[in-house]
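Below is one structure, written out as structure tokens, with a few remarks after it.
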2 protein chains.
Amino acid sequence: MRIGELAKKTEVPARMLRYYEEQGLISPRRLDNGYRTYDDYLVDRVRKIRGLVDSGIPTRIISNILPCLDQPQTIVVKNAEPGLRELLVTERDRMSEKIDFLIHNRDSITRYIEAIDRATVSPRQTSRAS
Amino acid sequence: MRIGELAKKTEVPARMLRYYEEQGLISPRRLDNGYRTYDDYLVDRVRKIRGLVDSGIPTRIISNILPCLDQPQTIVVKNAEPGLRELLVTERDRMSEKIDFLIHNRDSITRYIEAIDRATVSPRQTSRAS
DNA sequence: TTCGACCTTCACATTAGTGGCAACGTTGAG
DNA sequence: CTCAACGTTGCCACTAATGTGAAGGTCGAA
């Protein structure tokens with residue numbers, strides 16, 4: 001598919017898709033006329049990129065871990081670059097920290113919302129009737 | 001405490017603490033000589049700020065949800081600003097999405113690491129002995 | 001008085017995007 | 001075929017957010 005279609009499917013502006021290519025995150029092939037052409041699997045990939053960027057992971061890191069996020073790992077692993085495993089472990093642990101942290105704070109927010117609701121729905125009387 | 005001590009305790013450079021103040025995330029009092037002075041509870045607060053920023057939450061949002069992350073909610077809730085609840089719900093849901101996404105991808109990375117290990121430790125023989 | 005910690009202020013750096021433009025490709029109507 | 005409308009391309013510059021560096025001055029203890 002061409003860039004416009006991918007933009008619609010992923011909700012990511014075409015402008016941004018070119019930017020991600022510039023950053024080395026996606027590498028579409030080209031048609032004879034120079035237009036970029038994207039394979040279907042890139043739809044998922046672009047969504048992953050968005051999520052990772054939104055989660056505060058820099059594109060430099062993303063480009064390293066992206067190949068590891070696809071399902072059939074068994075084939076790719078053959079060329080195990082030396083530093084890769086270490087990088088992955090580091091990044092995974094960083095993600096785990098982030099997850100724990102986000103869960104903790106999300107739950108704090110949830111409790112706060114509940115406190116608001118309690119304070120709002122019945123500030124003066126214990127709503128006995130419907 | 002003064003800024004240097006807070007910087008040590010939080011691992012956040014003094015320069016950055018001034019920046020966060022500029023962004024309205026912390027409001028230290030001042031001594032007679034103009035030095036900033038920080039209460040103990042700000043240590044936790046600064047760590048929270050770091051975590052939230054690292055998780056891709058913009059400071060503009062952080063300044064809104066920070067007051068809700070402290071433990072004793074019951075007192076603060078009295079002045080329930082109208083839009084606050086909605087903002088909190090939105091932000092909490094956004095955090096939940098981020099959490100799910102991070103968990104999913106962290107697990108993918110973990111599986112990939114395991115695949116590397118399997119491919120590395122015994123590429124040719126099924127390691128029968130220790 | 002000297003030195004380290006702190007102050008303000010201005011400027012610069014990096015990351016992640018966005019805007020605008022001129023030129024070219026594609027497609028469908030007349 | 002020609003023309004208009006629209007998608008695409010490359011390019012350059014610009015914005016916004018998050019920091020960082022450095023100059024030049026002040027505070028207070030040794």
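These numbers come from a predicted model, not from an experiment. What's counted below: heavy atoms across the whole structure, side chains too, no hydrogens, waters or symmetry copies.
Along DNA chain D, read 5' to 3', the first and last nucleotides having any atom under 4.0 Å from a heavy atom of chain A are D:dG7 to D:dC12.
Listed by residue number, A:Arg50, A:Val53, A:Pro58, A:Thr59 are the residues of residues 49-59 of chain A with a heavy-atom contact under 4.0 Å to DNA chain C. Annotation: proximity of residues 90-98 of chain A to DNA chain D (heavy atom, distance under 4.0 Å) is found for no residue. Listed by residue number, A:Arg15, A:Met16, A:Tyr19, A:Tyr20, A:Asn33 are the residues of residues 5-34 of chain A with a heavy-atom contact under 4.0 Å to DNA chain C.
Every side chain to side chain contact (heavy atoms under 4.5 Å, CB included) that B:Asn64 has, sequence neighbours left out, goes to B:Leu87. Looking at residues two or more places apart in sequence or on another chain, you find a side chain to side chain contact (heavy atoms under 4.5 Å, CB included) between B:Tyr19 and B:Gln23. The side chain to side chain donor-acceptor pair (under 3.5 Å) check on A:Thr110 picks up B:Arg92, with sequence neighbours excluded. Scored by the side chain to side chain contact (heavy atoms under 4.5 Å, CB included) test, A:Asp93 finds A:Val89 as partners (sequence neighbours excluded). Remark: A:Arg47 engages A:Val43, A:Asp44 in a side chain to side chain contact (heavy atoms under 4.5 Å, CB included) (not counting sequence neighbours).
Within 4.0 Å of A:Arg36, counting heavy atoms only, lie sugar-phosphate atoms of the nucleic acid but no base atom.
Judged as a side chain to side chain donor-acceptor pair (under 3.5 Å), the pairs with a partner in residues 95-106 of chain B (not counting sequence neighbours) are, in order, A:Ser96-B:Arg106, A:Arg106-B:Ser96. For the salt bridge (charged side-chain N to carboxylate O under 4.0 Å, His left out) condition, the pairs that include at least one residue of residues 30-43 of chain A, sequence neighbours left out, are A:Glu21-A:Arg30, A:Glu21-A:Arg36, A:Arg29-A:Asp39.
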Which donor-acceptor pairs under 3.5 Å do side chains of residues 5-16 of chain B form with protein atoms, sequence neighbours excluded?
from, atom 1, to, atom 2, distance (Å)
B:Thr10, OG1, B:Leu6, O, 2.7
B:Thr10, OG1, B:Val12, N, 3.3

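When all heavy atoms of B:Leu88 and A:Ile109 are compared, the pair lying nearest together is O-CG2, 3.8 Å. Of all heavy-atom pairs between B:Ser63 and B:Gly24, the closest is CB-O, 4.3 Å.
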